[in-house]
**Student:** 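Encoded as structure tokens, here's the structure I'll be asking about.
Naming convention: chains lettered A, B, ... in sequence-line order (proteins, then strands); numbering from 1 in each chain.
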Amino acid sequence: MADNTIINVKDVHKTFVSEAKQSLWDRFRGKTHEVKRVEVLKGVNLEVAQSETVVILGSSGSGKSTLLRCINKLETIDAGRIYVHGHMIGYREQNGALVAERASVTAKKRTDVGMVFQHFNLFLNKTALGNVMAPLRDIKNLSAADARIKAVHHLEMVGLGDKLDNYPSKLSGGQKQRVAIARALAMEPAVMLFDEPTSALDPELVGEVLAVIKRIAQAGTTMVIVTHEMQFAREIATRIVVMDQGLIVEEGPPETIFTNPQHDKTRALLSRSQTSPQASES
Amino acid sequence: MDFITDTLAVFPSLIGAVPIVLQLAAGAMILALVLGLLVALARISQFKVLRAIAVFYVEVIRGTPLLVQLVYIFFVLPSIGIAIDPIPAGILGLGLNYAAYLSEVFRSAILSVESGQTEAALSLGYTPTKALWKVVIPQSFVVSLGPIGNYFIAMVKDTALTSVIAVTEILKTANILNSQTFQTTEIYTAAAILYLMLSLPLSRIVVLLERKARSRG
């Protein structure tokens, strides 16, 4: 593992198990208990180095969001290892097996990883400023004055210096997402994860969010982005990773991927994006 | 005209019971809020035993009349050596009873806060417990403000039940007056009006509080 490796995902497997609710009648008839298994990650390996901007592409169901959520331990994993800054997140190793670690330990490690969600997930009872200040106060234990200075700075950075006192209900989708970005960024994580940050936005609001993400990338922040915005991916990525059915099928610099795709899935993704009328504005 | 002046004349003797009613309602409400939240947390806990205890508590309380619970606390508990004075017994009975109902209010309010916010909090470094207390519970309190207010108004009226365990609240005072003067109509009319005078402003306050809370979200 190189010294500047921020994220190291090694052979990660993840299966979603959903137990079909069995009716009383089925149980009387002795019908076997039905358990549905979907293997979403089938051995994924991914290394992200400092200052890299890795964009993960793939159709829905390919496992890209799940992979991102595993890096933050918002999902458990069945096998493999995920290291962030050299530390395993959510687990410790005991006799070669994964053992869940204490929630407080995981929480501390998570401050190294900032995450931006598709549906913003702002605290609805707090203003834009309150949203950014809350973790600075609650987790970083900054004084109210220090937290405020820092929060205002980050909100100005995403262009929301005039919306400090607005509650989420009084913000547009694009503004909400920018608050969410400021909130994650203010914690100064080693890496930022973006889980389809523009998928829930009206088309005319996508540009402002992408512009902010681009600016952060240019500032040298390490990022992993899951997106469907092909043009944006091409402009911003230092490396593109294509996932299909729980596996990484192709990866490389954007120019290579976009001009000379090797895998059928990559070609299919690219051709679909070219026919789609929605072009990125940034 | 005699009826009105006679009814009005009863008020001064009843009004002395108002502080006791407020004391009962306030004390029982505080108990119900704290215990109700604890029961709600137990019900959504990951520990099966805690969940079972909470369900049992809620079912027992909701399945028996408040009047019976009050009588039980005041008349039955002394037989096992726990003697409680009328007012504390009233507070205890009302509090235990309303805690069961409030726990259901809290539980649904906690579950109504979208899970995305908890995930965001976790990703920012909150522990699950801290996320619950700092992010989810403050919001569920706002959601439950209306139902809590309505239960409080109901509780003010239910304090009348404590008359059977010798608390000299409004109804008991009225009963005593009635046995002395036999002005039944005037006395109980005055008592009813007095309850109305307590609950009407309260429902007004609840509406205002709710409107204020909603304007923020």
**Student:** For chain B, which of A/Leu193, A/Val113, A/Val116, A/Leu74 has the most heavy-atom pairs under 4.5 Å?
**Tutor:** A/Leu74

**Student:** Return the CD to NZ distance between B/Gln139 and A/Lys126, rounded to the nearest 0.5 Å.
**Tutor:** 7.5 Å

**Student:** Using heavy-atom distances under 4.5 Å, tell me whether A/Met187 contacts chain B through its side chain, its backbone, both, or neither.
**Tutor:** side chain

**Student:** What residues of residues 94-116 of chain B sit under 4.5 Å from chain A when you count only heavy atoms?
**Tutor:** B/Glu114, B/Gly116

**Student:** Could you tell me which portion of A/Arg69 (side chain, backbone, both or neither) has an atom closer than 4.5 angstrom to a non-hydrogen atom of chain B?
**Tutor:** side chain

**Student:** With a 4.5 angstrom heavy-atom cut-off, is it the side chain or the backbone of A/Ala134 that approaches chain B, or both, or neither?
**Tutor:** both

**Student:** Between A/Phe123 and chain B, which part of the residue has a heavy atom less than 4.5 Å away: side chain, backbone, both or neither?
**Tutor:** both

**Student:** For A/Leu122, is it the side chain, the backbone, both, or neither that has a heavy atom closer than 4.5 Å to a heavy atom of chain B?
**Tutor:** backbone

**Student:** Determine which residues belonging to residues 128-138 of chain B lie within contact range of chain A, meaning some heavy atom pair is under 4.5 Å apart, and list them by number or answer 'none'.
**Tutor:** B/Pro128, B/Lys130, B/Lys134, B/Val135, B/Pro138

**Student:** More than 12 heavy atoms of other residues, nucleotides or ligands under 6.0 Å from OH of B/Tyr72: is that the case?
**Tutor:** no

**Student:** To the nearest 0.5 Å, what is the distance between NZ on A/Lys73 and OG on B/Ser123?
**Tutor:** 14.0 Å

**Student:** Rounded to the nearest 0.5 Å, what separates atom CG in A/Asn121 from atom CD in B/Glu119?
**Tutor:** 6.5 Å

**Student:** Do B/Leu124 and A/Arg110 touch side chain to side chain, with heavy atoms closer than 4.5 Å?
**Tutor:** no

**Student:** Taking atom CG of A/Asp138 and atom OH of B/Tyr126, what is their separation to the nearest 0.5 Å?
**Tutor:** 3.5 Å

**Student:** Quick check: are there more than 12 heavy atoms from other residues, nucleotides or ligands sitting under 6.0 Å from CZ of A/Arg148?
**Tutor:** no

**Student:** Could you check whether any side-chain heavy atom of A/Asn125 comes within less than 4.5 Å of a side-chain heavy atom of B/Val142, counting everything from C-beta outward?
**Tutor:** no

